[in-house]
Every structure is written in structure tokens, then in C-alpha cells.
Amino acid sequence: MQGRWSALGGVIGAGTALAAGRLQASAAQADPRTVAARVRFFGTDVVDPDTGAVRADRVVLSWVGCTTYAFALAGSVFLLDAWVPRLTSTGYVPATAQDLADLAPEAIFIGHGHFDHAADAGRIAEASGAVVYGTAEHGVNIRAQVADPTFRTVALGDGASLPGERHEFTVGPVEVTAVRHVHSARTAPERPGGSAPFFPLPELGALVRHPPTLAGVLQSAPRLGDPEGGTLLYQFRVPGFALVWHDSSGPLTEKAPQVFDDFADLAPTDVQIGAIQGFNQISNGLRDPRRYIEAIRPALFVPSHHDNWLPGLTASAATYDIPLRGELSRIPTDHRPNLRTLHDPADYVNPRRLTFPL
């Protein structure tokens with residue numbers, strides 16, 4: 001495990017490449033909005049200031065709150081989920097849905113369909129031409145977000161899919177595996193030896209400093225009832241690197257324990273970005289994300305869905321630091337991943353925090 005992480009070489013530079021068909025080879029043909037967006041989200045040292053092309057020998061992720069990330073991998077630009085938090089605050093996350101569209105992503109990968117994960121997917125896909133990957137239900141709901149959708153959706157199973165169902169496909173040079181799992185849910189406390197309950201008190205500071213706007217509320221409120229539509233975990237692979245991302249961590253222990261074996265069958269994972277906030281923390285603390293980590297065995301774990309993405313109801317990421325480290329201490333040392341915490345708002349749209357070499 002430590003050897004695989006050493007091979008990554010740590011954090012250096014930033015990079016990505018052209019989204020297929022979105023940018024041309026000459027500076028005269030490049031969209032200046034896309035150039036500016038890519039420089040901002042992926043770093044000045046690897047993005048060509050004329051064409052917007054970025055180096056293909058870097059992996060870069062830029063956090064946009066909750067579980068949404070701009071993702072550059074081996075010459076492709078993707079979005080993982082597609083929502084910029086702005087329901088109860090505006091400006092706490094320094095980005096907009098238009099910023100994400102300006103990146104000209106090739107594809108958008110949806111973990112599940114709730115508003116805090118997919119509410120901007122239709123708008124971004126329509127503006128950028130990105131292909132949307134998710135369940136059939138995700139596709140239907142996302143296409144309904146815009147009046148005349150022209151983008152393509154790819155169905156990875158549907159409402160009848162069982163936990164553990166697996167989909168293999170490629171997007172450009174990237175191999176992708178999607179695994180159906182389950183959404184966060186509360187279960188009875190695990191005894192004996194269970195994880196301690198944990199739920200931080202809501203923080204109001206961001207709500208005061210960044211109050212909501214009418215436009216933000218009107219854009220987000222219609223999506224509050226969007227259904228889950230199934231929950232997917234993704235692994236992205238190119239030679240020399242593999243990343244797992246999941247925007248929820250469910251109680252597989254009680255509901256679908258066989259899925260842990262499906263996770264363990266994935267190719268060796270260098271980086272896992274996983275949701276740690278969930279309904280079950282009230283009863284079982286951070287047990288569920290720990291069980292995901294134990295099955296996937298990444299070299300590096302990055303917590304997600306742990307920030308103050310809904311000020312007034314949520315708390316800042318720093319409140320999770322101590323309980324998360326305590327939970328990870330339950331994993332044997334030889335299987336315990338390195339931990340890289342992200343804190344809001346300093347680590348929003350900060351590519352230096354999640355840049356890796358290929």
C-alpha cells in the first residue's frame with residue numbers, strides 16, 4: 001500500500017487535456033472562457049494559456065463543494081456530480097454552474113440523483129455538450145431539468161438493478177467501472193464494539209457571511225424533490241493510476257454485504273474520494289465509510305460530503321477531522337490509507353490539494 005502511494009510521487013503541478021471536440025488546436029479557435037476556467041480549476045502551470053490544452057501526464061481534481069469535482073485525467077475533462085451549493089448561501093463556494101459548463105467537460109458522472117448532487121447537470125450538459133452517465137432514472141430526471149435537451153445520456157442500469165451490478169465502459173482513454181451500491185441510511189446501532197454516534201451541530205457563520213439570494217433559491221428549490229434514482233460508485237483507470245469516487249456511503253453491512261466483495265474485486269486503487277457524512281452517523285458514526293475503505297483499500301483516502309454545503313443545517317469539514325481519524329485507527333496499520341483532509345472554504349477550487357502525476 002505504501003509502495004503504491006510512493007509511486008504516485010505526492011502532489012505536484014496540475015493537468016488535463018482537451019475535451020473531445022470542444023477546443024481546437026490553435027489559439028485563435030480556443031474559447032477564452034474555457035481557457036480561463038481550466039486555468040482556474042486545474043492550475044496555471046499545465047494549462048496552455050492559448051489553447052486551453054492541459055498536460056495529459058497529471059491527474060487533477062478541483063473540489064466544488066459537497067461531492068462535486070472537476071476532474072482532469074489523461075487528456076479528458078470530466079465532472080463528478082454536478083451541483084454548486086447555493087440553496088441556503090451564495091458565494092461560500094466560489095464557483096457557479098456556468099463555470100463548470102465553461103470547462104467544456106466531456107462527460108458528467110452522477111453518483112445519485114438528489115438535488116445536492118445532480119441539480120445542475122442538465123444545465124451544464126446542455127451548455128457544454130457533455131454526455132451524462134448515471135442510471136436510467138438519473139437520465140430522465142436530468143433531461144427534464146432543461147426545456148429542450150440536446151445532450152446524450154448513458155444508462156448504467158435502472159431502478160430494478162441490484163446492489164453489486166457492475167458496468168464496464170471506456171470514455172476516451174479512461175476505463176470506467178460503475179458499481180451499484182446503496183445510499184446512506186440509518187440503521188440500528190451495531191453492538192458490541194460499534195462506532196460511536198456522531199453528528200456535529202450546524203454552523204451558521206457561512207449563512208450570515210454568504211446569505212442566500214433569490215436567484216439561488218429559485219434555481220435550487222425546484223430540484224429539492226428529485227429522487228435518488230439509484231446510487232453508483234465509480235472507478236476510473238488509466239495505466240499507472242486508479243481513482244474511486246462515491247457520493248454516498250450506505251449501510252452495506254445490513255443491506256448488501258456482498259457488495260464489499262465487489263469493491264474488493266476492483267483494480268488496486270490509488271486514491272479514493274468518498275462521502276463520509278450520512279444519515280447513519282447518528283447511529284453508527286463513521287462506520288459505513290470505514291467499511292468502504294476497508295474493502296477498497298486505497299493508498300490515499302480523501303473525505304467528501306463533509307463540508308458546510310447547506311449552511312444552517314450542516315457544519316464545516318474540520319468538525320469531522322477527529323472522529324474520522326479515530327475511525328481510521330480501527331483499520332490495521334498495514335491496510336490503513338494515508339489521509340488527505342479537505343477543509344472548506346479554503347480548499348474549494350484549489351487544484352493544488354489533489355494533483356497527482358501519471
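Along the sequence shown, residues carry numbers from 1.
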- Parallel, tilted or perpendicular, as decided by the 30° and 60° cut-offs, for the rings of Phe169 and Tyr133: parallel
- Query: Judged by atom type as modelled, is there a donor-acceptor pair below 3.5 Å linking the side chain of Thr135 to the main-chain atoms of His138?
  - Reply: yes
- Query: Can a donor-acceptor pair be found between the side chains of Glu106 and Ser76 at a distance below 3.5 Å?
  - Reply: yes
- Would you check, one step at a time, whether the test salt bridge (Lys or Arg N to Asp or Glu O under 4.0 Å) holds for Asp99 with Arg40? CA-CA 10 Å; Asp99 293 336; Arg40 183 180 177 220; 3.5 Å; yes
- Query: Considering only heavy atoms from C-beta outward, does the side chain of Leu233 approach that of Val244 to under 4.5 Å?
  - Reply: yes
- Item | Any donor-acceptor pair under 3.5 Å from Asp116 side chain to Cys66 backbone | no
- Is the closest basic N to carboxylate O distance between Asp265 and Arg166 below 4.0 Å? no
- Task: Flag the pair His114 / His183 as yes when their ring centroid distance falls below 6.0 Å, and as no otherwise.
- Result: yes
- Task: Considering only NZ, NE, NH1 and NH2 on the basic side and carboxylate oxygens on the acidic side, decide whether Glu327 and Arg330 come within less than 4.0 Å.
- Result: yes
- Task: Say whether, by atom type as modelled, one donor and one acceptor occur between the side chain of Thr319 and the main chain of Pro200 under 3.5 angstrom.
- Result: no
- Query: Can you name the closest pair of heavy atoms from Gly111 and Trp245 and give their distance?
  - Reply: N-CH2, 3.6 Å
- Flag the pair Asp288 / Leu252 as yes when at least one side-chain heavy-atom distance between them is below 4.5 Å, and no otherwise. no
- Task: Return the minimal non-hydrogen interatomic distance between Gly43 and Pro351, and the atom names on each side.
- Result: N-CG, 3.9 Å
- Show your reasoning for whether side-chain contact (heavy atoms from CB on, under 4.5 Å) applies to Phe41 and Leu103. CA-CA 8 Å; Phe41 281 82; Leu103 285 168; 3.9 Å; yes
- Between Asp344 and Ala317, is there a donor-acceptor pair closer than 3.5 Å when you use the side chain of the first and the backbone of the second? yes
- Query: Between His181 (side chain) and Val259 (backbone), is there a donor-acceptor pair under 3.5 Å?
  - Reply: no
- Within-4.5 Å side-chain heavy-atom neighbours: Trp83 and His117: no
- Task: Return yes if some donor-acceptor pair links the side-chain N/O of Ser220 with the main-chain N/O of Val217 below 3.5 Å, else return no.
- Result: no
- Message: Between Phe241 and Phe236, is the ring centroid distance below 6.0 Å?
- Response: no
- Task: Taking atom types as modelled, find out whether Glu203 and Thr314 have a side-chain donor-acceptor pair closer than 3.5 angstrom.
- Result: no
- Please tell me if the side chains of Val302 and Leu354 come closer than 4.5 Å, counting only heavy atoms from C-beta onward. yes
- Roughly how far, to the nearest 0.5 Å, is CZ of Arg297 from CD1 of Ile293? 13.0 Å
- Task: Kindly say whether Gly172 contributes a backbone atom to a donor-acceptor pair with the side chain of Thr170 at under 3.5 angstrom?
- Result: no
- Task: Return yes when atom CZ of Phe115 has more than 12 non-hydrogen atoms of other residues, nucleotides or ligands closer than 6.0 Å, and no otherwise.
- Result: yes
- Message: Testing Arg291, Arg186, Arg287 one by one against Glu254 for a salt bridge (Lys or Arg N to Asp or Glu O under 4.0 Å), which residue passes?
- Response: Arg287
- Query: Which heavy atom of Ala95 sits nearest a heavy atom of Val64, and at what distance?
  - Reply: CB-CG1, 3.8 Å
- Look at the side chain of Arg180 and the backbone N and O of Asp158, then say whether any donor-acceptor pair between them is shorter than 3.5 Å. yes
- Item | Check: Asn284/Ser195 side-chain N/O donor and acceptor closer than 3.5 Å | no
- Item | Close side-chain approach of Thr231 and Val182, heavy atoms under 4.5 Å | no
- Query: Cationic tip of Arg58 within the cone over Phe356's six-membered ring, i.e. under 6.0 Å and within 45° of the normal?
  - Reply: no
- Going by heavy atoms in the side chains, are Ile110 and Asp247 under 4.5 Å from each other? no
- Message: Looking at every non-hydrogen atom in both residues, tell me the closest pair between Pro105 and Ala130 and how far apart they are.
- Response: O-CB, 3.3 Å
- Task: Run the salt-bridge test on Arg86 and Asp120 with the 4.0 Å N-O cut-off and return the result as yes or no.
- Result: yes
- Message: Counting C-beta onward and ignoring hydrogens, is there a side-chain heavy-atom pair between Leu156 and Leu232 closer than 4.5 Å?
- Response: yes
- Item | Tyr292/His246 aromatic ring centres below 6.0 Å | yes
- Message: Looking only at the aromatic ring of each residue, does the gap between the centers of His305 and Trp63 stay below 6.0 angstrom?
- Response: no
- Item | Distance, nearest 0.5 Å, that separates CG of Leu286 from CD of Gln281 | 6.5 Å
- Less than 4.5 Å apart, any side-chain heavy atom of Gln272 and any of Leu243? no
- Considering all heavy atoms of both residues, which atom of Ala107 and which atom of Val171 are nearest to each other, and what is their separation? CB-CG1, 4.4 Å
- Query: Under 6.0 Å from the CG atom of Leu201, do we count more than 12 heavy atoms belonging to anything else shown?
  - Reply: no
- Backbone of Pro311 reached by a side-chain donor or acceptor of Thr88 within 3.5 Å: yes
- With side-chain contact (heavy atoms from CB on, under 4.5 Å) as the test, would you mind laying out the steps for Tyr69 and Ile273 before giving the verdict? CA-CA 10 Å; Tyr69 292 81; Ile273 299 178; 3.5 Å; yes
- Message: Measuring from atom OG of Ser62 to atom CG of Leu79, what distance do you get when rounded to the nearest 0.5 angstrom?
- Response: 10.5 Å
- Query: If you measure from the Lys or Arg side-chain nitrogens to the Asp or Glu carboxylate oxygens, is any gap between Arg223 and Asp226 under 4.0 Å?
  - Reply: yes
- Are the side chain of Arg353 and the backbone of Leu61 linked by a donor-acceptor contact shorter than 3.5 Å? no
- Query: Quick one: do Glu168 and Arg237 make a salt bridge, cutoff under 4.0 Å?
  - Reply: yes
